[in-house]
Amino acid sequence: MARDVDEDVDYELLAVLLPKMSASSKQQEAEDSDHNPQVVVTPTGAAHSIRHDRSLWRDLTAYWILGLCNNYGYVVMLSAAHDIIAQFNDEPEVGEVDDTGKGRECHLVSTGAILLADVLPSLFVKILMPFFPFWVNVRIGIAVACSAAGFLFVGFANAEWMALLGVIITSASSGIGETTFLAYSSRFNKNVISTWSSGTGGAGVIGSLSYASLRSLDVSPRDTMLIMLIFPAIEAFAFWLLLRRPQVLPVTTVESTEELISDEKPLVGFKEKLSYIKHLFKYMLPLCLVYFFEYFINQGLFELVYFENIFLDKASQYRWLNVDYQIGVFISRSSVNIFQLNKIWLMSVFQCINVVYFLTEVIWFYTPTIWIVFVIVLWEGLLGGGAYVNTFYRMSKEIAPGRQQFAMSMVVQSDSYGIALAGFLAIPVHNAICELPAAVRSVVW
């Protein structure tokens with residue numbers, strides 16, 4: 001009879017041994033259980049049930065919700081970056097004044113500072129997590145608690161340091177959750193990668209849209225953050241009540257790992273795991289570059305894109321550009337079962353072209369209408385979301401099952417490296433552009 005999962009079980013070893021079981025053993029164990037999923041790994045490296053699983057919808061739905069809730073706070077903090085800075089600055093800082101006496105309106109601290117507070121703790125956590133024991137319930141408990149605490153700190157902040165502390169705590173929560181959920185996905189049907197990615201894309205749309213909508217309705221920043229406390233509670237429900245506990249079949253036909261070929265053996269010890277990282281660079285580098293270009297635009301240049309005398313004021317333009325970007329991310333992260341692209345490096349080239357456009361736009365203001373900017377921002381989001389989901393979906397098919405848990409935990413760091421570098425670069429570039437004379441947009445549609 002299949003037994004409940006014990007967190008001390010070496011799943012990496014079992015994931016490699018299970019495919020070697022005899023056909024008769026598989027059939028017998030399939031007949032033993034009518035409720036929970038049993039982990040079997042295909043030659044492609046994807047874990048799934050050995051029988052038709054009528055309750056699979058629970059895992060797929062749970063992973064969508066977990067992706068949504070895990071990234072929701074992170075997205076909200078970036079969407080609120082402009083407001084978090086503004087509430088502690090009575091007047092905007094301005095750059096040099098040109099001959100007409102008009103300078104650029106810029107905050108002394110760019111939204112890149114919020115980006116760093118929102119990504120560095122997450123990156124630190126992601127670097128450490130693959131080498132810690134995989135105590136999944138403890139990890140998720142900490143993630144949920146930190147998520148709630150982050151909203152409370154930002155909501156009740158009466159000083160800039162307190163708001164930044166809330167952003168930092170939220171970032172740590174997201175990092176813990178992402179590394180844990182992606183590593184945990186190796187024990188489920190491979191399609192949970194697709195629903196997880198779609199959920200994280202949904203977090204972008206729902207997070208940015210809900211924040212922009214509440215602020216447009218004149219809901220205070222404090223009340224907005226308190227309303228959003230519902231999401232840590234939903235995350236806890238999805239993980240502990242909706243998501244089924246994975247089960248494993250007893251291993252009876254393989255006595256040791258000596259039969260396994262070298263590239264299928266589970267990684268044992270710090271040294272062996274460290275040595276394996278070089279094999280993951282082909283996934284990590286393109287993803288890192290895509291996110292570097294993407295967040296350099298979002299946190300260094302978005303704030304400087306401004307169209308005067310239109311239906312949106314400056315702060316609203318920033319918020320709705322973020323919503324537009326997140327819609328693109330959601331669409332592409334939800335599309336992997338329809339369209340796959342293995343050449344992630346191609347997306348990094350296109351994203352670099354986007355950087356060139358935005359950099360020249362914020363210097364010379366040559367785009368005649370904000371609608372063109374909305375289209376390009378949507379394209380930017382499509383590239384970023386596509387790079388993320390295609391990277392992890394490709395890994396679920398190409399990497400040996402015994403190594404997927406560690407590999408997922410390592411590659412998920414890549415976007416954070418790119419985002420952190422973007423944040424550091426965005427601050428001086430933002431300030432340098434603020435020192436330029438204000439450009440005049442000659443035509444506005």
Side-chain angles (χ1 to χ4, degrees), residues 5 7-21 37-50 56 59-60 62-63 66-67 70 126-127 129-136 139 176-197 200 243-249 251 254 257 260-270 272-284 287 336-337 340 342 344 388-415:
V5 170
E7 291 182 357
D8 293 330
V9 174
D10 189 339
Y11 287 96
E12 293 187 351
L13 174 60
L14 289 175
V16 179
L17 298 179
L18 286 173
K20 300 180 180 295
M21 295 174 59
Q38 296 171 311
V39 178
V40 172
V41 184
T42 68
T44 64
H48 65 88
S49 174
I50 61 177
L56 178 62
D59 301 335
L60 300 178
Y63 256 84
L66 292 171
N70 187 73
K126 288 178 181 180
I127 291 172
M129 283 294 102
F131 302 99
F132 274 75
F134 197 74
W135 298 334
V136 63
R139 289 188 182 193
I176 295 170
E178 188 169 21
T179 53
T180 304
F181 290 132
L182 277 174
Y184 201 43
S185 71
S186 64
R187 307 178 187 179
F188 294 89
N189 184 293
K190 71 175 182 179
N191 284 315
V192 298
I193 292 290
S194 176
T195 57
W196 161 268
S197 299
T200 58
L243 183 68
R244 297 175 298 170
R245 302 303 93 180
Q247 293 195 351
V248 293
L249 301 174
V251 179
V254 181
T257 62
L260 304 178
I261 60 176
S262 60
D263 63 352
E264 288 185 348
K265 288 183 179 179
L267 301 170
V268 180
F270 178 82
E272 191 170 330
K273 290 180 177 180
L274 199 63
S275 176
Y276 182 67
I277 293 175
K278 63 179 179 289
H279 299 292
L280 302 175
F281 284 166
K282 64 180 179 181
Y283 305 107
M284 298 178 74
L287 188 61
V336 72
N337 287 326
Q340 291 107 39
N342 290 332
I344 310 299
Y388 182 94
V389 67
N390 279 281
T391 295
F392 290 107
Y393 192 79
R394 180 182 168 193
M395 290 174 64
S396 72
K397 296 187 297 181
E398 295 179 356
I399 295 179
R403 300 184 171 188
Q404 276 189 24
Q405 181 172 300
F406 176 77
M408 293 282 190
S409 297
M410 286 302 304
V411 175
V412 77
Q413 301 172 20
S414 305
D415 60 348

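Everything quoted here is computed from the prediction, not taken from an experiment.
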| query | Looking at Leu287 and Ile344, what are the two nearest heavy atoms and their distance? | reply | N-CG2, 4.3 Å
Rounded to the nearest 0.5 Å, what separation is found between the [atom1] atom of [X] and the [atom2] atom of [Y]?
| X | Y | atom1 | atom2 | answer |
| --- | --- | --- | --- | --- |
| Phe134 | Arg139 | CZ | CZ | 5.5 Å |
| Ser414 | Phe281 | OG | CZ | 9.5 Å |
| Tyr393 | Asn337 | OH | CG | 5.0 Å |
| Ser185 | Trp196 | OG | CH2 | 9.0 Å |
| Leu280 | Met408 | CG | CE | 10.5 Å |
| Ile399 | Tyr276 | CD1 | OH | 4.5 Å |

| Results of salt bridge (charged side-chain N to carboxylate O under 4.0 Å, His left out) for Arg394 - residues two or more places apart only | Glu398
| Listed partners of Tyr283 passing ring pair (Phe, Tyr, Trp, His ring centres under 6.0 Å), at least two apart | none
| field | Whether Phe131 and Phe406 hold their rings parallel, tilted or perpendicular, with breakpoints at 30° and 60° | value | perpendicular
| Parallel, tilted or perpendicular, as decided by the 30° and 60° cut-offs, for the rings of Phe181 and Tyr63 | perpendicular
| Do Phe188 and Leu56 pass the side-chain contact (heavy atoms from CB on, under 4.5 Å) test, and can you show the C-alpha distance, the side-chain angles, and the key distance before you say yes or no? | CA-CA 9 Å; Phe188 294 89; Leu56 178 62; over 6 Å; no
| request: Determine, for Lys126 against Asp415, whether the closest basic-nitrogen to carboxylate-oxygen distance falls under 4.0 angstrom. | output: yes
| task | Please step through side-chain contact (heavy atoms from CB on, under 4.5 Å) for the pair Asn342 and Asn390, ending with a clear verdict. | result | CA-CA 7 Å; Asn342 290 332; Asn390 279 281; 5.6 Å; no
